[in-house]
Number of protein chains: 2
Amino acid sequence: MASLDSTPQAVPDLPGPAGTAAKQIPPAAVARLTLYLRALNTLLAEGVERVSSESLAEASGVSSATLRKDLSHVGSYGTRGVGYEVQYLSRHIAAALGLTHDWKVAIVGAGNLGKALARYGGFESRGFDVVAIFDADQMVVGNEVGWLRVSDVADLETVLHRTGANMVVLALPASVAQDVCDRVVAAGVRSVLSFAPIMLQVPEGVNLRKVDMATELQILAYHAQRAQAPGQTA
Amino acid sequence: MASLDSTPQAVPDLPGPAGTAAKQIPPAAVARLTLYLRALNTLLAEGVERVSSESLAEASGVSSATLRKDLSHVGSYGTRGVGYEVQYLSRHIAAALGLTHDWKVAIVGAGNLGKALARYGGFESRGFDVVAIFDADQMVVGNEVGWLRVSDVADLETVLHRTGANMVVLALPASVAQDVCDRVVAAGVRSVLSFAPIMLQVPEGVNLRKVDMATELQILAYHAQRAQAPGQTA
DNA sequence: TAGATTGTTAATCGATTAACAATC
DNA sequence: TAGATTGTTAATCGATTAACAATC
C-alpha cells in the first residue's frame with residue numbers, strides 16, 4: 001500500500017521540492033511522519049479524500065502546529081484554505097521516508113518473538129517483505145513459519161545474499177546477539193532492528209535501532225510510582 | 001534482582017536526596033537510567049565493585065557528560081576521584097525508577113507476541129511479575145503459557161482484580177485494541193504498554209506507551225535510503 | 001601532596017509551540 | 001470578497017555538550 005514503485009535504484013523523486021539535495025529531516029519528525037502516514041492510509045481506506053492539519057493531527061495524537069512543521073520538512077503539498085489531498089500527501093510522505101521501493105527483511109530467531117514478527121501483517125502491507133527467518137536450533141530449522149521455512153543460522157551469509165535481504169531484525173537472546181550482529185554487518189546489511197536486551201556495537205554507517213520491552217515497563221513504573229507518590233495532590 | 005523491597009505502599013526512599021518532594025526527572029533521562037541500571041546489573045553479575053562515569057557511559061552507549069548529568073537528577077551517589085560503587089548506585093537508580101516494589105503485569109492477547117512476552121525472562125528478573133494472560137479465542141483459553149493458564153478476556157475485570165495486576169500489556173489486533181484498553185482503564189489500571197499499531201485514546205492520568213515494529217522499520221528505511229542516496233559522497 | 005573523577009554550571013544545540021502573513 | 005487553512009517565522013522550552021571547580 002505504501003509501496004508505489006519498486007525500482008531498486010535510488011528513489012526517482014516525485015515532483016518534489018525541486019532538485020534539491022533532499023534536506024535532512026529531524027529524527028523526531030521522522031518518527032511522527034510514520035504516524036501521519038498510518039493515519040492517512042486509514043483515511044484512504046475509509047474513502048476520505050481531503051483532510052485538514054487539524055484533524056490529521058488529532059488522528060495522530062499531536063498538535064496541528066507540530067504536524068504542519070513536520071510536513072514542512074517534506075515539502076509543501078497542501079492547499080491553503082482547503083487542506084491536504086489524502087492520497088497525494090500519503091505518497092509524498094512515503095517517498096520522503098524511502099518507502100517507494102520494497103525492503104527485504106530477514107529475521108534471526110524463530111522463537112515466539114521471531115514467529116510473531118514473521119507473521120505480523122503490518123510489515124507486508126507497508127512495503128516490508130520478510131524474505132527469510134533463521135534459527136540455531138536444529139529442531140526448529142526446516143519448520144514452516146508463515147510462508148517461509150526456517151533456515152539454519154549457520155547459512156546466514158549465503159541466505160542473506162541469495163534472498164537480497166537489506167534489513168535484519170534480531171529476535172534472539174542477548175548472549176548471541178553481538179556475534180550474529182557482527183556476521184550480519186559483515187555480510188553487508190546496514191539496517192538492523194534489535195529486540196535483544198543488550199547494547200550492541202556496530203561500525204559507523206550501520207543503522208541500529210533497539211526495541212526493549214523491559215525498558216518500556218520500567219519507564220511506565222517510574223511514571224506510575226510518581227503518580228502514586230505522596231506530596232502531590234492526593 | 002532490581003527488586004529490593006516489596007512493600008506495596010509508596011516507596012520508603014533510601015537515604016536519598018533529603019526529604020525533598022522527589023523532583024521530576026526529564027523523560028530522556030528516565031529512558032537512559034534504565035540502560036545504566038542494566039549495565040550496572042551486568043557488572044554486578046561479573047563481580048565488578050566500582051565503576052567510573054567514563055566506563056559506565058561507554059557500556060551504556062552514551063557520553064560521560066550525559067551520564068553524569070542524568071545521575072545528578074537521581075542524587076549524588078559517587079565519590080570524586082574514585083567513581084561509583086556498583087551495587088549502591090544500582091539500588092538508588094532502581095529506587096528512583098520505582099522498581100523497589102514488584103509490579104504485576106497482565107498481558108492481553110495470547111498469540112505469538114503475547115506468548116513471547118509472557119515467557120520473556122527479562123521481566124521477572126527486573127521486578128515485573130506476569131500474573132495473567134488473556135485471549136478471546138476459546139481454542140486458546142485454558143492453554144498453558146509458561147506458568148500461567150490463558151484466561152478468557154470476557155473475565156478481564158474479575159481476573160485483573162483478583163490478581164491485583166497494576167500494569168497491562170496489549171498484544172492484540174488494532175481492531176479490538178481500543179475496546180480492550182477502555183475496559184482495562186475502567187478496571188482501574190493506570191499503566192498500559194501497547195503493541196497494537198493504532199493510536200489509542202486514554203483519559204488523563206493513565207500512562208500509555210506504545211511500541212510499534214512497523215514504525216521502527218520505517219525509520220530504518222528513511223536512514224538507509226539517505227545513506228544510499230546520490231548527491232552525498234559515494 | 002598530586003592525580004583522578006565527580007557534580008554542577010554555562011553555552012550550545014535542537015525541538016516545540018504560538019502566532020500570523022500568504023493565499024486558496 | 002469573506003472565510004478558512006496552510007507554510008513559515010519568531011519565541012519558548014528542553015536536552016546535550018563542554019568545561020571546570022570541588023573534593024576524594
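Remember, it's a predicted structure, so these values are computed and weren't measured experimentally. Numbers restart at 1 for each chain; the letters A, B, ... are given by sequence-line order, proteins then strands.
Between the P atom of D:dG7 and the CG atom of A:Leu67 lies a distance of 10 Å, rounded to the nearest Å. As rounded to whole Å, 17 Å separates atom P of D:dT5 from atom CD of A:Glu85. Between the C1' atom of D:dG3 and the CD atom of A:Glu54 lies a distance of 16 Å, rounded to the nearest Å. The distance from atom CD1 of B:Ile25 to atom P of D:dT16 is 14 Å, rounded to the nearest whole Å. The OH-P distance, from B:Tyr77 to C:dT5, rounds to 22 Å in whole Å. Spacing between atom NZ of B:Lys23 and atom P of C:dG7 amounts to 12 Å, rounded to whole angstrom units. Here D:dT9 presents its P atom at 16 Å from CG of A:Leu71, a figure rounded to the nearest Å. Following rounding to the nearest Å, B:Tyr84 (OH) and C:dA4 (C1') show an atom-to-atom distance of 13 Å.
An OP1 or OP2 oxygen of D:dT6 is reached within less than 4.0 angstrom by no side-chain nitrogen or oxygen of A:Thr79. Taking side-chain N and O atoms only, A:Ser53 has a distance below 4.0 Å to OP1 or OP2 of D:dT6.
Side chain of B:Pro26, nearest nucleotide from D:dA15, D:dG7, D:dC24: D:dA15. Closest to the side chain of B:Ser72, out of C:dT8, C:dT6, D:dA15, is C:dT8.
For A:Ser194, there are no side-chain hydrogen bond (donor to acceptor under 3.5 Å, both in side chains) partners two or more places apart in sequence or in a different chain. With sequence neighbours excluded, the residues that form a side-chain hydrogen bond (donor to acceptor under 3.5 Å, both in side chains) with A:Ser55 are A:Ser52.
Applying the salt bridge (charged side-chain N to carboxylate O under 4.0 Å, His left out) definition to pairs two or more places apart or across chains, those involving residues 25-46 of chain B are A:Asp212-B:Arg38, B:Arg32-B:Asp70. The salt bridge (charged side-chain N to carboxylate O under 4.0 Å, His left out) analysis of residues 168-190 of chain A, with sequence neighbours excluded, yields the pairs A:Glu157-A:Arg183.
Around atom CZ of A:Arg119, more than 12 heavy atoms belonging to other residues, nucleotides or ligands sit under 6.0 Å away. Enclosure of atom CD in B:Glu58 is not indicated, since only 12 or fewer non-hydrogen atoms of other residues, nucleotides or ligands lie within 6.0 angstrom.
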Dot-bracket pairing map - DNA chain D, Watson-Crick plus G-U, both contacts under 3.5 Å, | cross-strand: ..||||||||||||||||||||||
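Salt bridge A:Arg209/B:Glu216: present, at least one basic N to carboxylate O contact under 4.0 Å.
For the pair A:Ser60 (side chain) and A:Leu56 (backbone), a donor-acceptor distance under 3.5 Å is present.
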A:Thr79/A:Tyr84 under side-chain contact (heavy atoms from CB on, under 4.5 Å): CA gap, chis, key distance, verdict: CA-CA 6 Å; A:Thr79 307; A:Tyr84 303 89; over 6 Å; no
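Contacts of B:Arg32 with the nucleic acid, taken as non-hydrogen atoms under 4.0 Å apart, involve only primed sugar atoms and P, OP1 or OP2.
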Can you check nucleotides 17-22 of chain D for protein contacts, nitrogen or oxygen pairs under 3.5 Å, and list what you find?
from: D:dT17; atom 1: OP2; to: B:Thr66; atom 2: OG1; distance (Å): 3.1
from: D:dA22; atom 1: N3; to: B:Arg80; atom 2: NH1; distance (Å): 2.9

